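These notes are about the structure you will find just below.
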Amino acid sequence: MELSEQLKKYRKQENLTQKQLAMKLNVSDKTVSSWETGRTYPDISLLINLSSILNVSLDEFLKGDTGTVEKIDKDLKLKRTYKHLLIVIGVLFVILGGGYVFLSQYQYENELVDRFNPLLKTRIGYAALPTEKTAAASDYTEVETSSKEKKKVLGSPFKNMVVTDDVWGTSSFLTFYGGLPPVDKPYAMVEHRGIYVSRINFVDWESIPTGIRNNMFKDYSKYRGMYSQSQREQKSMKGNYDYKTFIMNVGKYE
């Protein structure tokens with residue numbers, strides 16, 4: 001016997017009208033009528049309530065109506081699938097949202113993160129470099145040669161160079177390798193994303209765009225000690241001073 005016929009049979013046995021049964025289930029009498037005509041069928045939670053109200057076991061209630069049982073089973077599987085899908089979507093949303101927050105906040109901190117951070121633009125900046133004529137002892141790096149000897153060299157790496165990116169003087173401290181610059185090209189054109197430097201070229205003063213030159217010192221010695229000073233200022237400001245990027249303004253216009 002189909003579920004629609006079972007429902008009508010057991011409802012009448014309990015002397016309930018469609019409206020009375022609908023009130024007990026918190027549904028409309030049209031819904032009960034639709035069940036009894038076979039147009040629709042109740043979901044599993046309502047079937048359990050119906051079984052209780054009509055004083056019949058769920059097995060007996062569904063006995064003989066394999067078609068409806070299969071539909072209910074299919075619906076349950078779909079609901080479980082949708083539930084799992086929603087969980088996966090929720091997890092992905094949390095991961096993507098957390099990743100966006102992380103990448104938008106964690107910049108100019110780690111070369112590897114900056115290299116692959118899609119929220120950072122690749123920029124071209126310029127920096128004055130120490131040369132053998134202008135370098136102080138602190139500009140040299142001690143390296144070990146193939147013969148296990150140690151010697152001091154320039155540009156391996158250039159540490160904490162002030163790199164100016166635009167005509168507004170937006171600058172940052174970057175470290176990169178380049179070796180000893182040519183005598184006639186003591187400046188670097190630096191391609192970078194955050195603190196990740198992808199490549200550099202040695203250039204002369206005239207090759208630097210005028211707007212950026214206006215926010216640069218021509219003499220590297222005027223940059224010396226700037227990074228150490230910014231570190232001290234950060235400590236004195238108890239972490240409220242952000243030196244990841246800053247504005248260079250040398251008061252010069254060409």
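Computed from a predicted model, the values in this text were never measured in an experiment.
- Ring geometry, Phe217 versus Tyr223: the interplanar angle exceeds 60°, so the pair is classed perpendicular (tilted spans 30 to 60°).
- Checking side-chain atoms of Thr164 against main-chain N and O of Ile212 turns up no donor-acceptor pair under 3.5 Å.
- When atom types are taken as modelled, the side chain of Asn215 and the backbone of Asn249 share no donor-acceptor pair closer than 3.5 angstrom.
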Test side-chain contact (heavy atoms from CB on, under 4.5 Å) on Lys150 and Val143 and set out the steps.
CA-CA 5 Å; Lys150 291 184 177 181; Val143 298; over 6 Å; no

Evaluate the side-chain contact (heavy atoms from CB on, under 4.5 Å) criterion for residues Lys151 and Glu142: first the C-alpha distance (whole Å), next the side-chain angles of each, then the deciding distance (0.1 Å), finally the verdict.
CA-CA 5 Å; Lys151 68 175 184 178; Glu142 192 174 76; over 6 Å; no

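- Side-chain contact of Asn55 with Glu14: a donor-acceptor pair under 3.5 Å is present, judged by distance alone.
- Ring planes of Tyr227 and Phe173: perpendicular class, angle over 60° (limits at 30 and 60°).
- Residues meeting the side chain to side chain contact (heavy atoms under 4.5 Å, CB included) test with Ile95, sequence neighbours left out: Val91.
- Counting only distance, with no hydrogens or angles, the side chain of Ser228 and the backbone of Gly225 share no donor-acceptor pair below 3.5 Å.
- Taking Pro157 as the reference, Thr141, Lys159, Thr175, Tyr177 meet the side chain to side chain contact (heavy atoms under 4.5 Å, CB included) condition, with sequence neighbours excluded.
- Scanning all heavy atoms of the two residues, the minimum distance from Ile200 to Gly178 falls at CD1-CA, 3.8 Å.
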Let me check something: any side-chain donor-acceptor pairs from residues 180-192 under 3.5 Å, sequence neighbours excluded? List them with distances.
residue : atom : partner : partner atom : Å
Tyr187  : OH   : Lys218  : O            : 2.7
Glu191  : OE1  : Ser198  : OG           : 2.6
Glu191  : OE1  : Arg199  : NE           : 3.3
Glu191  : OE2  : Arg199  : NE           : 3.4
Glu191  : OE2  : Arg199  : NH2          : 3.4
His192  : ND1  : Gly194  : O            : 2.8
His192  : NE2  : Asp165  : OD1          : 2.9
His192  : NE2  : Asp165  : OD2          : 3.3

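- Just one of Tyr196, Phe202, Phe158 meets the ring-ring contact (aromatic ring centres under 6.0 Å, His included) condition when paired with Phe176; it is Phe158.
- The ring-ring contact (aromatic ring centres under 6.0 Å, His included) contacts involving residues 101-132 comprise Phe102-Tyr106, where partners must be two or more places apart or lie in separate chains.
- Between the side chain of Arg11 and the backbone N or O of Leu16 there is at least one donor-acceptor pair closer than 3.5 Å.
- Counted by atom type alone, Asn49 and Ser52 present zero donor-acceptor pairs between their side chains at under 3.5 Å.
- For Ala22, the side chain to side chain contact (heavy atoms under 4.5 Å, CB included) test picks out Val27, Asp29, Val32, with sequence neighbours left out.
- Using modelled atom types, no side-chain atom of Asp219 and backbone atom of Lys222 make a donor-acceptor pair closer than 3.5 Å.
- Ser34 is linked by a side chain to side chain contact (heavy atoms under 4.5 Å, CB included) to Arg39, Thr40, counting only residues two or more places apart in sequence or in another chain.
- The distance from atom OG of Ser28 to atom CG of Leu25, rounded to the nearest 0.5 Å, is 10.5 Å.
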